[in-house]
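Atom set for the values below is all heavy atoms of this structure, side chains included, hydrogens, waters and symmetry mates excluded.
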Amino acid sequence: NDMIKKAIFPVGGLGTRFLPATKAMPKEMLPIVDKPLIQYAVEEAVDAGIEEFIFVTGRNKYAIEDHFDHSFELEETLQAKGKTNALKTIRDMIHQPGAVSYVRQQDPSGLGHAVWCARHLINDEPVAILLADDLILGKSCMAEMIATYKGGNMVAVMDVPKSDTQSYGIVTPSADDGHIVNVSGLIEKPPPENAPSTIAIVGRYIIEPGVFDQLDSQEFGTGNEVQLTDALAHRIGKVPFQGLRFSGERFDCGSKIGFLQANIAFAMSRDDLENRLQNWIFKRFSKP
Ligand code: G1P
């Protein structure tokens with residue numbers, strides 16, 4: 001699968017659920033421990049062999065562009081002070097010249113619209129899409145997807161409680177071996193009584209060029225937004241469509257509880273923090 005070299009990161013969302021934190025700062029810059037959400041997504045893509053990074057931004061998202069660029073003053077200061085580890089950390093995240101592009105989505109008209117805004121940067125090739133809100137601890141989910149991908153469209157999926165179907169795109173499985181799900185239908189955010197299953201789309205996709213053609217129609221769907229789910233659904237029967245149950249643990253960092261859980265789980269996976277955090281939580285919250 002050497003063909004999948006580009007990834008789209010839709011980062012135009014307003015982040016209203018995290019106000020006031022996101023009033024002047026993009027929600028994708030919210031840190032999990034010491035790294036912004038968007039950097040985790042980019043690193044997952046790098047681990048999957050992605051070489052070109054396309055951010056679909058909106059107003060007030062400058063911090064993301066600056067984050068992936070040099071900061072000369074900071075680098076010089078770190079150098080002068082001999083802080084080589086910190087210097088390496090920020091230099092390692094600079095990509096090859098020209099590997100990063102920014103497309104502006106002028107109106108927040110939905111995920112399908114955001115992806116469509118990047119169409120001029122995509123040729124006749126499959127492309128990865130990563131939503132930074134969905135943070136995955138463990139192996140690179142996109143790397144697992146690319147390793148399994150055999151053409152057509154692919155989404156990462158996970159089982160969710162029946163009561164939560166209204167927060168996700170939900171798939172109709174035609175076959176399911178516990179790892180790969182063959183998808184014969186898709187519906188965006190159905191109420192539990194209309195949900196065809198409890199297998200939900202997590203924000204990782206590999207899409208084929210036909211999805212962009214479908215998005216050209218700019219049909220509005222659920223929430224009066226152009227839904228990527230709807231465009232993908234139109235492609236079922238024309239090209240293969242699979243869901244992949246990935247091995248990592250997913251955190252919904254678009255919600256406060258998921259964001260807090262992610263911070264704790266990621267901190268607990270780090271040698272420099274695990275013991276002290278665990279001891280503190282135990283002492284602070286255990287009942288006398
Ligand atoms: C988007 C997609 C949805 C998917 C979800 C995963 O929804 O539209 O199909 O299940 O991401 O996080 P959003 O959470 O942006 O409303």
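At distances below 3.5 Å, not a single donor-acceptor pair connects side-chain atoms of Thr172 with backbone N or O atoms of Pro196. A donor-acceptor pair is defined here as one N or O able to donate and one able to accept, closer than 3.5 Å; such a pair exists between the side chain of Asp252 and the backbone of Gly254. Checked by atom type and distance alone, the side chain of Asn263 pairs as donor or acceptor with a backbone atom of Val33 at under 3.5 Å. Checking side-chain atoms of Arg250 against main-chain N and O of Met158 turns up no donor-acceptor pair under 3.5 Å. A distance-only check finds no donor-acceptor pair linking the side chain of Thr22 to the backbone of Met25 [under 3.5 Å]. The backbone N or O of Val171 sits less than 3.5 Å from a side-chain atom of Ser197, completing a donor-acceptor pair. Side-chain N or O atoms of Lys61 include one that pairs as donor or acceptor with a backbone N or O of Gly13 at under 3.5 Å. Side-chain atoms of Arg204 come within 3.5 Å of backbone N or O of Asp134 as a donor-acceptor pair. Gln227 places no side-chain N or O within donor-acceptor distance of the main-chain N or O of Thr229, the cut-off being under 3.5 Å.
Atom-to-atom distance recorded for His234:NE2 and Asn153:CG is 13.0 Å, nearest 0.5 angstrom. Taking CZ from Arg119 and CD1 from Ile54, the interatomic distance works out to 12.5 Å, rounded to the nearest 0.5 Å. Atom OG of residue Ser269 and atom CD of residue Glu274 lie 8.5 Å apart, to the nearest 0.5 angstrom. The CD atom of Gln166 sits 9.0 Å away from atom CG of Asn194, with the distance rounded to the nearest 0.5 Å.
For Phe68 and Phe53, the ring centers sit 6.0 Å or farther from each other.
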Stepwise side-chain contact (heavy atoms from CB on, under 4.5 Å) test for Val115 and Ile207: CA-CA 10 Å; Val115 169; Ile207 63 167; 4.0 Å; yes
side-chain contact (heavy atoms from CB on, under 4.5 Å) between Leu186 and Ile170, intermediate numbers included: CA-CA 6 Å; Leu186 271 185; Ile170 302 289; over 6 Å; no
Residues Glu75, Gln79; criterion side chain to side chain donor-acceptor pair (under 3.5 Å); working and verdict: CA-CA 6 Å; Glu75 286 174 43; Gln79 180 112 49; over 6 Å; no
Test log, rule side-chain contact (heavy atoms from CB on, under 4.5 Å), inputs Tyr205 and Leu228: CA-CA 10 Å; Tyr205 308 77; Leu228 181 59; 3.7 Å; yes
side-chain contact (heavy atoms from CB on, under 4.5 Å) between Ile206 and Ile4, intermediate numbers included: CA-CA 8 Å; Ile206 300 173; Ile4 307 171; 3.8 Å; yes
Residues Asp34, Arg270; criterion salt bridge (Lys or Arg N to Asp or Glu O under 4.0 Å); working and verdict: CA-CA 11 Å; Asp34 51 11; Arg270 282 179 41 161; 3.0 Å; yes
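Residues Ile32 and Leu137 share a single hydrophobic cluster, defined by chaining ILVMFWY side chains whose heavy atoms lie under 4.5 Å apart. Linking Ile, Leu, Val, Met, Phe, Trp and Tyr whenever their side-chain heavy atoms come within less than 4.5 Å puts Phe9 and Phe18 in one cluster. A single hydrophobic cluster is seen to contain both Trp116 and Ile8, as judged by linkage of ILVMFWY side chains at heavy-atom distances under 4.5 Å, directly or through other members. At a threshold of 4.5 Å between side-chain heavy atoms, the hydrophobic network of Ile, Leu, Val, Met, Phe, Trp and Tyr places Val103 and Phe55 in two separate groups. Note: the hydrophobic cluster containing Leu244 does not contain Val183 (ILVMFWY, side chain heavy atoms under 4.5 Å, direct or indirect links).
Contact detail for Gly258 and Cys253: the closest heavy-atom pair is O-SG, 4.2 Å. Residues Arg104 and Arg59 approach most closely at NH2-CG, 3.3 Å, considering heavy atoms. Gly12 and Gln105 get closest at one heavy-atom pair: CA-OE1, 4.3 Å. The two residues Ala143 and Ala48 make their nearest non-hydrogen contact at N-CB, 3.4 Å. Nearest heavy atoms, Ala45 versus Leu130: CB-CD1, 4.1 Å. Between Ile136 and Glu44 the shortest heavy-atom distance is CB-OE1, 4.3 Å.
Here Met268 is tied into one hydrophobic group with Ile264, Leu277, Trp280, Ile281, Phe285, each link being a pair of ILVMFWY side chains closer than 4.5 Å. In the hydrophobic clustering, where aliphatic and aromatic side chains (Ile, Leu, Val, Met, Phe, Trp, Tyr) are joined below 4.5 Å either directly or transitively, Ile90 groups with Leu74, Leu78, Leu87.
You'll find the side chain of Arg245 reaches within 4.5 Å of the side chain of Asp176, heavy atoms only. With a 4.5 Å cut-off on side-chain heavy atoms, Ile50 and Ile146 count as touching. Side-chain contact check for Val226 versus Leu215: some heavy-atom pair is nearer than 4.5 Å. You'll find the side chain of Asn60 stays beyond 4.5 Å of the side chain of Pro26, heavy atoms only. Considering only heavy atoms from C-beta on, Met154 comes within 4.5 Å of Thr148 through its side chain. Ile201 places none of its side-chain heavy atoms less than 4.5 Å from the side chain of Tyr168. Proximity of Phe212 to Val127: side-chain heavy atoms (C-beta onward) are separated by under 4.5 Å at one or more points. Looking only at side-chain heavy atoms (C-beta outward), Asn182 and Gln242 come within less than 4.5 Å of each other.
Remark: Glu73 CD is loosely packed, at most 12 non-hydrogen atoms of other residues, nucleotides or ligands lying under 6.0 Å away. By the neighbour-count criterion of 12 heavy atoms within 6.0 Å, atom CG of Asn279 is densely surrounded, having more than that number from other residues, nucleotides or ligands. Within 6.0 Å of the NZ atom in Lys162, the count of heavy atoms belonging to other residues, nucleotides or ligands exceeds 12. Residue Phe220 places its CZ atom among more than 12 non-hydrogen atoms of other residues, nucleotides or ligands, all under 6.0 Å distant. Counting non-hydrogen atoms of neighbouring residues, nucleotides and ligands closer than 6.0 angstrom, the CG atom of Asp216 exceeds 12 such neighbours. With a 6.0 Å radius and a threshold of 12 heavy atoms from other residues, nucleotides or ligands, Lys35 has its NZ atom above the threshold.
Of the charged side-chain nitrogens involved, none lies within less than 4.0 Å of a carboxylate oxygen, so that Glu51 and Lys6 do not count as a salt-bridged pair. Between Asp230 and Arg235, no side-chain nitrogen of the basic residue sits less than 4.0 Å from a carboxylate oxygen of the acidic one, so the salt-bridge criterion is not met. Between Lys5 and Glu125 there is no salt bridge, since no side-chain N of the basic residue sits under 4.0 Å from a carboxylate O of the acidic one.
Here the rule is side chain to side chain donor-acceptor pair (under 3.5 Å) with Ser247, and of Glu144, Lys139, His179 only Glu144 fits it.
Ring planes of His70 and Phe72: parallel class, angle under 30° (limits at 30 and 60°). Ring planes of Phe266 and Tyr40: perpendicular class, angle over 60° (limits at 30 and 60°).
Inspection of the Glu225 and His113 side chains reveals no N or O donor paired with an N or O acceptor under 3.5 Å.
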